[in-house]
Amino acid sequence: MVTIRTRSQRARLSSERSTAMKKMWQAAARMGVGAGVALVAMAGIANARSTTNRPASIVVWPKIVVDTSARWLVAPTDTRVMLSSTNASGIKQAHCFYINATGHCSNDGAGCRDATDCGGGECVPSWNETDFDVVLTQEQPLAWYASGGLARGRFPLEGPFRCNAPFVNLQCFSDAQCPNNVGCNTGQSNLGSAIPPVPEDPFIGALVCIQFTGGSQSVPDQTATQDKLYGDATILTGLNPARYNAVGLEATGNPVSNGELVLADGGNYASCPGVLILSHMFDGAVDPITNVPVIQYSSDLTLVPCSNDFSTQTPGRSVAQFLVFNEFEQRFSTSRTVDCLFHATQLSRIDTRNPARSIFSAGVAGTLGGQTRIRGVGGVSPLGSGLLGVAQANLDFFGLRIGSAAYDLHQQGNGRSDLMILP
Amino acid sequence: MRGRTARRIAMRALYRSWLLGIGMLCVFAGAAGSQAQQTRSGTDRPGSILMFPKVVRTGQRDTIVQITNTGNSINWVHCFYLSAPDGSGYCGAVDFELVLTRQQPTQWRVSQGRRVDPTDSFGSAGAGFDPGLIPPVPPGFQGALVCVEVDANGNPLGQNRLKGEVTIMDDSTGDVSKYNAFAVAPVSENLSNPLALDGSEYETCPGSLTLNFSPRGSLDPVIENLGNGNLSSFISTNLTLLSCNLDLAAGVRSNGTVSYIVYDEFESSFSGSFPHQCWTTIDLGNTPQTTGQFRSTLLTGGAIATIFAQAQLTLPTGLVGVAESFHADQAGVTGSAASNLHTGGARSATIRLP
Amino acid sequence: MRLVKRSPWLMGLGVLLAGLVTAPGARGDVTSDESGTLIIFPKVVSDGVRDTLIQLSNRTNSFVQVHCFYINASGTCSLTTDESCEIDADCPTNEQCIRQCNATNFELALTAQQPVQWRVSTGRLTTIPSAPCRPGQNCQCTVDTSGQLVCPGLLIGQNQASFVPPVGSQFVGELKCYQMNSDGDPFPGNALKGTATIEDLSSAQISEYNALTVAANADVGGGLNTDKELRLNWTGTGAGEMNYCPASLVFTANAEGVTDAFTGATISTELTLVPCSELIEEDLPAPVRVRFVGYNEFEQPLSIEAFSFDCFLNRRLADLPVSGGGIFVNGNQDLWKIRISPRPINVCYSGSNRGSSCTQDSDCGTNVQTGPGGTVLGCLPASGVLGVAEEFYSLGGSVGTAAFNLRHEGSRSGFGDIITLP
């Protein structure tokens, strides 16, 4: 069939075609821009995760334990905390928060981690924080015991210092002590630092340190010398040391406003991981190395929320979903609420009070080794649901702890936004 | 006529004196020219780089290092212990930093190092302003110490204020040897890393070393005279050389060959060569390359018939050194004495700091 | 019929997201808390006193094939061959320490999300079918007549064949594994993660650390190829095969010999370093040149320049730089932060002058080799390093142990590192 069009019809069609072509090119361009924007955003997302390998601006120790009277554990326990600066020049200030997640038994008020510590009573959870400052000089490592802290006067570089020339033989703490107004060369020092002991014993909780700029107008550090702190913790239970790397969250360079630290892409710090992955031996698995039936593995797990509101003393809260895989690729799942801090003294107590029936038990799982994926969901707005954690593998001989080793969890993907609100 | 003659005589005298003056000038210029080709670094003046060729902690022997700031301002110093523990000539380094206040001397025993401890009591080994944390060297250490003046940021700085001495002592007998560190002065105010010891940034290193020594196996006349020798006294000499070419960052090997001519008191000469590395220590007359030329005729294969000799070492590359002689009586009781070597000529070298 | 409008913006985003679902993370780091294509266990011990339990997991929903190498790094002196050593200084004067650096390889297959574990001294057998553990019964492995373990689990392989071979009881070295495709070529799946638990056979004291993982670039044009050379030269974006190794490692440790105030134990720290580069095909150790710079809590520095080793280093701080001559020791204060940096120099990877510093390939003498992908293994940058550390708390004859991962700073650049595969 032949279609005949008039000149005006042809002109209109031509105009419509060119308009359509233009719209098509515009649409294609928008697609490309959209893809490009997404690419940049995804690149940002793919990069911004927590780390246990690199220095960072927020350092989180998920598990601090003090039990010097061995009320909870088989032997007196303390945690040696290490905080180090990798800044090549100049001081760095860390504003830190001890998070006390020690519960108290309903029957006698004693400190507890869970109901097993209460001899029939319930472990009533509680949460409070204590904050303090640590000033680190360039490249300085610092260590203290959680039970004792580090009081003023016990830091390595608090003076005395020396007067400037020509009175360099005179010791001083301030300019006023030096003659002829030559001044006191304090240089870099730990002055301004004081680390309290943890507020109770026994104690279980976490520690969070945030890198600040220091000086009179000290704010969360988003400068060119951000990400200079890293931390370690060694949990000493008798002669069973268990050391892990603290988790770091790198700064993005976006200044913090109103004391609200946004842990998300486009925020102030890297986001928390979307999924934590725990490789473990199932509870009750016979140690394959000694292969002695009475030497069996158990693991404990500590999870803390990424989000916390320190200003209103509101802890982060989320639901941890556990997906458990055994060596047959079979899958089980369970979930638990993480309210301020979640500590499972044994994995097999996560889903039941009868460990022998737990999906984390070797007899139920069916194999010795397992892999558990942990995802945090359902946070309370405006706080998020991200989780951080640390695990500890234990070897028990007839229930007596003979070996333990802490290790960091693996991570995958990015979480949604989390929030730390400073007082 | 007499007036003209007198004038001629006077002119002739003036002309001769003028020629004499020119000649004298030429002599002086020639001497000055040859002086310009000789390093002015040495062991008798302060410098910005101190080189201690011999530092030992072996058996009963230990070393005390003394460094002094001869200036009226604070001096930062970056020091390096060098050693070649496997004999391969590959020098590794352990380094530390010191701060010396004005005119401050400091010292430490290498086996103990030195801590920063303001509570050291008067009279103790650590009394005084502690210059910095100095690590101890391990047992069996044989090597060298090099210290460089730097600024507070670790960049080379030419204040030319450092002097140093070393005392090597035998803890069991109390016997001591002492020598001065070799000091290299800066020439330019613009110094950079690597340090160029080329006469324009820093002074050069020696091109030759002269050593006066008693050939190995010689009788010590003093011991013999005292009756403690019984024709069994024994003199030996240890020569230690440190290369001026030091890559302290990469620790690369430095090696070459030292040529020597030995003259005895009869003006007889003997020549040879031996290899050198980053750090070299030789018992003269007791190695395959130095057997005859550094041995007394009293020993098998010895070529030196006199009790005293001179060795001139020609260096393919800048080297500094120290000699230590050991004098033993018939009972084997040994006394030692270290001596700096005379230097001559000039060789350029490079020291690269980490 | 109503025409549904499609948003071009969302279409573009959708296309991209679909492509990025299986793409690896674009971060250019070697990590110990994420999965990767190359996985490194720097410290594997099976010496009759201690043994190691390896846990390896596939964190993806896909079937994964893995190729592994045990690298035995035991060394003996060149002339005094009955004397074990790690570095030249451990040997008598004028002798060198000759490291074996022999590689034993094997292959594994892991199903979706599957974890596996094995004891390195005995290895593990494949058994089909394999009965699972049951409640009320001991869940343990049994020892086969061949000495290898038989454990419940799904292991892909030939029945009664070694899933993982044994290394015996005279092994100190490392384990490296990489993900491969069905043709045996490296595959950028980034699926592997793992941990290692080192156990004392007499006391059951355990130390556990996370394996180090290196992500690969999945880009078809500029990413990981199949030329049997793994190039660690990727920043996380653009061209390159696998993440660069870090520019430096840093860790905080107690000074050697210091007494822990809480337990009263004497603390010793053992550092293990392995090179990022490996010449497995050529059976040559990769030369390493590193610098140690330490700062104590008083900000006082000490450093060790130009420390060299081949293939593997496992030393207490008391023995750095030489046996009995440690500098990060009690007496030089109590706490040290130590940074380990590869020296920015070139060394000969092969040839008659292997191990010597160089400026060009001709400096390496004769018999300079070429890698399977054509890279001349002559004058190349000294290898990067990775590592772990382990603390020992000693009190009255008892020893407690704890391992930890080192921190990473920066990334190497330029040539990076190379692993040649057989």
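Convention: sequence-line order gives letters A, B, ...; per-chain numbering from 1.
Heavy atoms of Val116(B) lying under 4.5 Å from chain C belong to its backbone as well as its side chain. With a 4.5 angstrom heavy-atom cutoff, Asp90(C) does not touch chain B via any of its atoms. Interface remark: Leu248(B) contributes backbone atoms only to the contact with chain C (heavy atom separation under 4.5 Å). Contacts between Pro321(C) and chain B at a heavy-atom distance below 4.5 Å involve the side chain alone, from C-beta outward.
Note on ring orientation: taking the six-membered ring where Trp is involved, the planes of Phe80(B) and His78(B) are parallel (angle under 30°, cut-offs 30° and 60°). Classification of the Phe96(B)-Tyr81(B) ring pair by plane angle, with boundaries at 30° and 60°, yields tilted.
Under the 3.5 Å distance criterion, the side-chain polar atoms of Ser277(C) are matched with a main-chain donor or acceptor of Ile418(C).
The residue among Ser303(C), Cys97(C), Gly325(C), Pro344(C) with the most heavy atom pairs within less than 4.5 Å of chain B is Ser303(C).
For the pair Arg316(C) and Phe392(C), the distance from NZ or CZ to the six-membered ring centre is under 6.0 Å and the angle to the ring normal is within 45 degrees.
If you check the side chains of Thr281(B) and Thr240(B), you find a donor sitting under 3.5 Å from an acceptor.
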